[in-house]
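Working notes, structure below.
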Protein chains: 2
Amino acid sequence: MAVNLDNFDRKLLAEVQRDAQVPQNELGARVHLSTAAVNRRLRRLAEEGVIDRYCAVLAPEKVDYPLTIVTTVEVESEQIDLIDAMKRTFAQCPQIQQCYYVAGEWDFVLILTARNMEQYNELTRELFFSNNNVKRFKTLVSMSRVKAGMSVPVDLSDE
Amino acid sequence: MAVNLDNFDRKLLAEVQRDAQVPQNELGARVHLSTAAVNRRLRRLAEEGVIDRYCAVLAPEKVDYPLTIVTTVEVESEQIDLIDAMKRTFAQCPQIQQCYYVAGEWDFVLILTARNMEQYNELTRELFFSNNNVKRFKTLVSMSRVKAGMSVPVDLSDE
DNA sequence: TCTGAAAATGGACCTTT
DNA sequence: AAAGGTCCATTTTCAGA
């Protein structure tokens with residue numbers, strides 16, 4: 001599952017997670033590698049799927065999506081096809097940024113973004129109230145996005 | 001707070017959220033704009049802060065961080081400096097990808113990533129058990145990352 | 001690691017609204 | 001003025017020696 005990475009790879013991954021616009025010659029200077037070596041490594045990391053994709057991260061409030069809401073959902077039945085159907089519904093909804101199928105007190109945790117409470121209300125109607133397999137759900141409204149991102153730690157080893 | 005955007009901007013934002021590696025001439029072809037116009041718009045969007053940053057998204061399991069865990073935390077006191085201290089602690093922790101300070105049954109929601117349960121256990125010790133202001137916390141272990149990302153919907157208007 | 005070709009970015013300048 | 005288009009210089013990427 002995991003891929004063999006040396007410390008050059010790890011440093012590069014740390015850099016491009018933070019900022020993917022740094023040119024390869026600058027990356028090379030930072031990690032002490034030639035531009036060409038950086039180029040080859042980044043390509044390899046992308047081919048191996050270590051780097052899943054490159055994307056732009058928007059400031060939600062600037063595109064008028066100021067609300068972030070965490071919703072926990074408990075289902076009626078864990079029957080596999082019912083769960084799969086819910087996963088598909090949640091995955092398709094553009095306002096749902098993240099959906100985790102979890103073990104514990106709840107079955108799903110959703111991270112949602114919304115223009116306002118009315119839109120969230122509307123979403124709860126579509127996603128939860130009109131779904132017979134939703135037993136109950138709980139809403140936690142974010143007052144502050146203390147930290148937001150998808151960064152994974154890359155621990156340097158002392159190989 | 002929100003910025004004025006026309007449908008060209010919105011289409012570009014949708015594209016670069018999905019894939020920031022598409023060259024500007026290709027983006028131009030997709031949205032019917034010249035390369036130079038795309039270039040100008042993307043720069044402007046970045047300057048205005050609509051585009052916060054560009055970054056690489058890693059596959060957590062490939063860098064040996066296969067676990068995603070959602071943790072909800074209730075605090076003892078909501079005294080402002082105690083809360084601020086916790087926010088700083090959470091923001092600094094590399095395994096914490098996201099931290100929301102929320103209203104509702106809990107005070108914080110954390111999205112964490114970990115190499116294994118032992119590491120998570122260790123983290124709970126550092127973050128929660130050794131913090132006097134943590135009243136209780138609950139752990140939800142993700143069995144499936146149904147959807148993960150930071151994408152914000154960009155609704156086209158019919159201006 | 002170096003060199004050079006190809007591609008992509010980004011500025012200059014002109015035109016339209 | 002504000003924004004689009006074309007053209008050209010510069011920068012960056014990326015393959016071959």
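Reckoned from all heavy atoms, side chains included, excluding hydrogens, waters and symmetry mates. Just so it is clear: chains get the letters A, B, ... in the order the sequence lines come, proteins before strands, and each one is counted from 1.
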(message) If the threshold is 4.0 Å, N to carboxylate O, is there a salt bridge linking A:K62 and B:E48?
(response) no

(message) Side chain of A:A36, heavy atoms from C-beta onward: which of D:dT12, C:dT9, C:dT1 has the nearest atom to it?
(response)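 Ranking D:dT12, C:dT9, C:dT1 by closest atom to the A:A36 side chain puts C:dT1 first.
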
(message) Centroid separation under 6.0 Å, is that true for the rings of A:F108 and A:F128?
(response)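 So the answer is no for these two rings.
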
(request) Establish, yes or no, whether a centroid distance under 6.0 Å links the rings of A:F137 and A:F129. (result) yes

(message) Within the 4.0 Å heavy-atom criterion, would you say B:A37 contacts the bases, only the backbone, or no part of the nucleic acid?
(response) sugar-phosphate

(message) Heavy atoms only, 4.0 Å cut-off, all strands: where does B:R44 land among base, sugar-phosphate and nothing?
(response) nothing

Calculate the interatomic distance between [X] atom [atom1] and [N] atom [atom2]; express it in whole Å.
X     : N      : atom1 : atom2 : value
A:R41 : D:dC14 : CZ    : P     : 16 Å
B:L42 : C:dG11 : CG    : P     : 13 Å
A:N39 : D:dT12 : CG    : P     : 13 Å
A:Q24 : C:dA7  : CD    : P     : 16 Å
A:L27 : D:dT11 : CG    : C1'   : 15 Å
A:Q21 : D:dT13 : CD    : C1'   : 15 Å
B:R43 : D:dG4  : CZ    : P     : 14 Å
B:L12 : C:dT9  : CG    : P     : 12 Å

(message) With a cut-off of less than 4.0 Å, is there a side-chain N or O of B:R40 near OP1 or OP2 of C:dT9?
(response) no

(request) Please determine if a side-chain N or O atom of B:S34 lies less than 4.0 Å away from the OP1 or OP2 oxygen of D:dG4. (result) no

(request) Compute whether any side-chain donor of one residue and acceptor of the other, for A:E76 and A:N133, lie under 3.5 angstrom apart. (result)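 Note: A:E76 and A:N133 side chains miss the donor-acceptor criterion.
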
